[in-house]
Amino acid sequence: MHPKTCWSPCFWHPNVRSGSIAVAVYTLLGSVCILTYMAYVMNGGESSQLYLPMFEANLSSTTQSGGAFNIFFFVYFIISSVILMYGIKSDIRGLMLPWMAGMALVILFQATFGTWLIFGYYIYLEVVFAALVNWAWMAYNIYCFMVVRSHYKNVKWFQSPDVEILDEYAQK
């Protein structure tokens, strides 16, 4: 699949370049929100709902180490979102790769987390709903990944040399 435009629940972008900027802003702001929530949980905040990521974590040990990993990852994701915006504006493909790697990890985590919810707590109906919402969000993240990948491919195509061999000048 190679999208040519980008839509989101609130906006439509006529090309994948402007859509990729919107995706970078979305991941930047989403990462800030998750960082805020993780700092709240690490300081003793509420995480007792079954569908929350730190549900089975002990506040004194596993919440601190898991939270530290999440904070490290989402700081990386904020930095890679800023780098993605710069890479899109300057058409440098290599600056898009850190964001694509981070989003691939997010998608993998969401697939794993939803599956863990279903298989671990299948007797609770609200967990099935939480897993479906998680997978719907994962589907949107896959779409965002595909928009950025599509722009990456467009930049690659624009930067590839277009060499024509003219038969009249070729040596025979």
Side-chain angles (χ1 to χ4, degrees), residues 1-42 52-54 57 62-117 131 133-167 169-170:
M1 187 169 114
H2 190 69
K4 308 244 185 289
T5 62
C6 177
W7 61 268
S8 66
C10 300
F11 303 105
W12 177 77
H13 301 278
N15 55 39
V16 291
R17 181 185 183 99
S18 62
S20 296
I21 293 288
V23 167
V25 170
Y26 153 71
T27 54
L28 178 93
L29 296 177
S31 296
V32 169
C33 290
I34 292 172
L35 277 175
T36 304
Y37 172 72
M38 198 52 56
Y40 166 73
V41 169
M42 288 175 70
L52 293 176
M54 294 291 185
T62 53
T63 298
Q64 301 304 319
S65 59
F69 173 77
N70 279 305
I71 287 175
F72 172 77
F73 178 77
F74 285 107
V75 166
Y76 162 79
F77 214 42
I78 287 170
I79 293 168
S80 66
S81 295
V82 171
I83 290 173
L84 174 66
M85 285 188 267
Y86 180 74
I88 292 166
K89 289 183 188 280
S90 58
D91 286 334
I92 300 174
R93 289 180 296 158
L95 297 180
M96 299 176 200
L97 293 175
W99 182 90
M100 292 170 73
M103 184 55 89
L105 285 174
V106 167
I107 291 167
L108 179 67
F109 170 75
Q110 285 185 300
T112 306
F113 184 66
T115 305
W116 175 77
L117 281 174
V133 169
N134 178 46
W135 287 333
W137 185 20
M138 180 186 70
Y140 182 69
N141 284 337
I142 290 171
Y143 177 74
C144 290
F145 180 84
M146 293 180 81
V147 166
V148 173
R149 192 189 75 179
S150 180
H151 180 64
Y152 178 87
K153 286 184 177 182
N154 288 346
V155 171
K156 182 179 180 181
W157 185 78
F158 287 131
Q159 291 177 348
S160 65
D162 190 15
V163 178
E164 287 186 35
I165 298 177
L166 302 174
D167 289 332
Y169 296 110

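In this model, a donor atom of one side chain and an acceptor atom of the other lie less than 3.5 Å apart for N141 and Y26.
Rounding to the nearest 0.5 Å places NZ of K89 at 8.0 Å from CZ of R17. Note: T115 OG1 to W135 CH2 = 5.0 Å, rounded to the nearest 0.5 Å. One distance of note links CG of N70 with CE of M42; it measures 9.0 Å at 0.5 Å rounding. Atoms OG1 and CG, on T112 and L105 in that order, are 10.5 Å from each other to the nearest 0.5 Å. We find the OG1-CD1 distance between T27 and I34 to be 10.0 Å, quoted to the nearest 0.5 Å. For the atom pair N154 CG and R149 CZ, the distance stands at 11.0 Å (nearest 0.5 Å).
Not one N or O on the side chain of S150 forms a donor-acceptor pair closer than 3.5 Å with the backbone of M146. Side chain of R93 to backbone of V155: no donor-acceptor contact under 3.5 angstrom is found. Y86 places no side-chain N or O within donor-acceptor distance of the main-chain N or O of S81, the cut-off being under 3.5 Å.
Between V148 and M100, some side-chain heavy-atom pair lies under the 4.5 Å cut-off. Taking the side chain as every heavy atom from C-beta outward, Q110 and W137 approach each other to under 4.5 Å. V23 is listed as a side-chain neighbour of W99, based on a closest heavy-atom distance under 4.5 Å. Between M85 and V25 the shortest side-chain heavy-atom distance falls below 4.5 Å. Under the 4.5 Å side-chain criterion, counting only non-hydrogen atoms from C-beta, L95 is not in contact with L84. Here the side chains of V106 and M138 are not in contact, with every heavy-atom distance at 4.5 Å or above. Counting heavy atoms from C-beta on, the side chains of H151 and D91 come closer than 4.5 Å.
Using cut-offs of 30° and 60° on the angle between ring planes, the pair Y40 and Y37 is tilted.
The minimum heavy-atom distance between P98 and G94, with the atom names listed, is CD-O, 3.4 Å.
Residue W116 qualifies as enclosed at atom CH2: its count of foreign heavy atoms under 6.0 Å is above 12.
Between F72 and Y76, a ring centre-to-centre spacing not shorter than 6.0 Å is recorded.
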